[in-house]
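Accompanying notes for the structure given below.
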Number of protein chains: 2
Amino acid sequence: MSQRNTGVTPQVVNAHACPVREVLDRVSGKWSVQILVAAAHGPIRFTELERGIEGISRRMLTLTLRNLERDGLVTRTVHPTVPPRVEYELTPVARELHETLQRLTDWAERNRVYIAEARAAYDGEREPEPADA
Amino acid sequence: MSQRNTGVTPQVVNAHACPVREVLDRVSGKWSVQILVAAAHGPIRFTELERGIEGISRRMLTLTLRNLERDGLVTRTVHPTVPPRVEYELTPVARELHETLQRLTDWAERNRVYIAEARAAYDGEREPEPADA
DNA sequence: CTGCATCCGACAAGATACTG
DNA sequence: CAGTATCTTGTCGGATGCAG
């Protein structure tokens, strides 16, 4: 109970009725998906992820990685060399997820413009003073 | 600039490099998906949603609905009757999304156990004192 | 019935600094 | 190189009350 909960994962979470939310909660972290994508090409090192993701902090990288590992989505392999070398790799399950996410991407791509326009239209109706200063 | 931002939507959002995140951000709201699901069967009224979703507050229902409307995912139809009657319905684009989300659900269903076990195992390794009080 | 405004708590995530 | 610990902040979401 005195767990400080350092971040990211909803540990206690109320039982989800809906399985969709269950997935989303797991992937909804700000960085989870990007890590999944970055690691999709094959084993990748901590620092490579850090530099590859642009904007992520060490903390969030570690945290998110831990959660993915916890859920069995990535494996962590420590090579006991002189300069520590740790590699992360997607598990088969995560690869499936990655493919599914791909579908979402496709949807996003297809409808990006539609949505952007919908937003613009909606926002435009409410702030009808773009005339000038 | 003096927008108070009442909640939910990341208005200003930093340009997302990754389209996946774009979708997720749009759907990652705590209630977005459930509303999408609830409305998938056809036009549905505000109160019906409120009672059907269990646990959602009026505030969040309204806000999430607004966002979905803004993104062109739901349509809002006001029937000018004596007791106001408003119906929400998914747009075709949202229906596509709904189908895609279905894939995610399937993935979740298939691997629910796997993940649960992975978690249990991971957590178990770190708290090896379940002996007794 | 449908919806907005305000206040407030919880938690994810950023910044920074320190270690094996 | 690969983390961990602490502090702070931003934002989501809950509670409540008012209104067309």
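Any value given below was found using the heavy atoms of this structure, including those in side chains, with hydrogens, waters and symmetry copies removed. Per chain, numbering begins at 1; letters A, B, ... match sequence-line order. The structure presented is a predicted model; accordingly, all values stated were derived computationally and were not measured.
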Can you tell me the distance, in whole Å, between the [atom1] atom of [X] and the [atom2] atom of [N]?
| X | N | atom1 | atom2 | result |
| --- | --- | --- | --- | --- |
| B:L49 | C:dC1 | CG | P | 14 Å |
| A:I56 | C:dT16 | CD1 | P | 17 Å |
| B:H79 | D:dG20 | NE2 | P | 23 Å |
| A:R76 | D:dA2 | CZ | P | 10 Å |
| A:L63 | D:dT4 | CG | C1' | 10 Å |
| A:L61 | C:dT16 | CG | C1' | 17 Å |
| A:I44 | D:dC1 | CD1 | C1' | 15 Å |
| A:K30 | D:dC12 | NZ | P | 11 Å |

Look at the side chain of [X] and the backbone N and O of [Y], then say whether any donor-acceptor pair between them is shorter than 3.5 Å.
| X | Y | value |
| --- | --- | --- |
| A:W31 | A:L65 | no |
| B:Y122 | A:E69 | no |
| A:W107 | B:V93 | yes |
| B:S28 | A:S28 | no |

Discussion item. Any base atoms under 4.0 Å from A:T62, or only sugar-phosphate, or nothing? Heavy atoms, all strands.
Written reply: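 Contact class for A:T62: base.
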Nearest of [options] to any side-chain atom of [X]?
| X | options | result |
| --- | --- | --- |
| A:R59 | C:dC1, D:dA2, C:dA15 | C:dA15 |
| A:Y88 | C:dA13, D:dG3, D:dG14 | D:dG3 |
| B:P84 | D:dG13, C:dC1, C:dG14 | C:dC1 |

Item checked: Given DNA chain C, 5'-ward residue of the pair B:P83 and A:G55, judged by closest heavy atom ->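 It is B:P83 whose nearest nucleotide is closer to the 5' end.
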If the cut-off is 4.0 Å, is [X] near the phosphate of [N], judged by side-chain N/O to OP1 or OP2?
| X | N | value |
| --- | --- | --- |
| A:T47 | D:dA2 | yes |
| A:R45 | D:dA2 | yes |
| B:R58 | C:dC1 | no |

message: Quick check: do B:N111 and A:E96 have side-chain heavy atoms less than 4.5 Å from each other?
response: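 Yes, side chains in contact.
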Report task. Starting from the 5' end of DNA chain D, give me the residue, B:S57 or A:R66, whose nearest nucleotide shows up first. Result ->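 Between the two, 5'-proximity favours A:R66.
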